[in-house]
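What follows is a single structure, written as structure tokens, with notes after it.
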Amino acid sequence: MEARQLYIQDPITHRIRMTKAGIEKYKTRFARVGVQVSKIKTVAEFKAAVEACFTSEIEALASTAKGKNADLDEIMAGLPGWELLLLKKQCQNNILY
């Protein structure tokens, strides 16, 4: 889905309003990271909310999948923070030596 289908941007103020499709796609995901879709007024705010979702979802994936499948670990190793997420998980589980 293209960004222009997710929100409408005012050409003068550059403020945005989420479309029905954008609200349906992101309302729940943004809420998980504490962002209300109705409060997003700029492209920068939208991008920040997407980044927060990405980070949260990668952390969730790492907490359940990291170290369980070598092929997945190899693929995911290229993502920013994948290795740091394992370290964070180890710290939380007190398994650092």
Side-chain angles (χ1 to χ4, degrees):
M1 181 174 289
E2 293 183 38
R4 68 174 172 241
Q5 296 171 326
L6 301 173
Y7 57 80
I8 298 169
Q9 186 174 32
D10 183 298
I12 296 170
T13 66
H14 301 289
R15 292 175 63 86
I16 67 171
R17 181 182 58 79
M18 300 296 290
T19 63
K20 184 177 179 181
I23 292 168
E24 288 175 8
K25 183 174 179 80
Y26 287 105
K27 183 177 181 177
T28 303
R29 290 176 74 191
F30 286 179
R32 279 189 229 130
V33 294
V35 176
Q36 292 180 5
V37 131
S38 62
K39 302 283 185 190
I40 296 174
K41 301 297 180 200
T42 67
V43 173
E45 290 172 349
F46 175 75
K47 288 179 179 180
V50 169
E51 179 66 28
C53 285
F54 176 79
T55 301
S56 174
E57 290 166 3
I58 289 296
E59 286 180 359
L61 177 61
S63 71
T64 59
K66 181 99 172 97
K68 294 183 180 174
N69 182 299
D71 292 333
L72 178 63
D73 286 344
E74 185 177 338
I75 293 166
M76 299 301 281
L79 288 176
W82 184 252
E83 293 301 322
L84 292 175
L85 293 172
L86 176 62
L87 183 61
K88 181 179 176 181
K89 181 180 175 184
Q90 291 171 336
C91 289
Q92 289 171 342
N93 293 331
N94 296 317
I95 56 174
L96 285 178
Y97 300 97

Measuring from atom CG of Asp10 to atom CD1 of Ile16, what distance do you get when rounded to the nearest 0.5 angstrom? 11.5 Å
Under 3.5 Å, sequence neighbours excluded: what are the donor-acceptor pairs made by side chains of residues 30-50?
from	atom 1	to	atom 2	distance (Å)
Lys41	NZ	Ser38	O	3.1
Thr42	OG1	Glu45	N	3.0
Glu45	OE1	Lys41	N	2.6
Glu45	OE1	Thr42	N	3.3

Checking the side chain of Thr55 only, and the main-chain atoms of Glu51 only, is there a donor and an acceptor separated by less than 3.5 Å?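 At least one qualifying donor-acceptor pair exists.
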Are any of the side-chain heavy atoms of Met18 and Lys27 separated by less than 4.5 Å? no
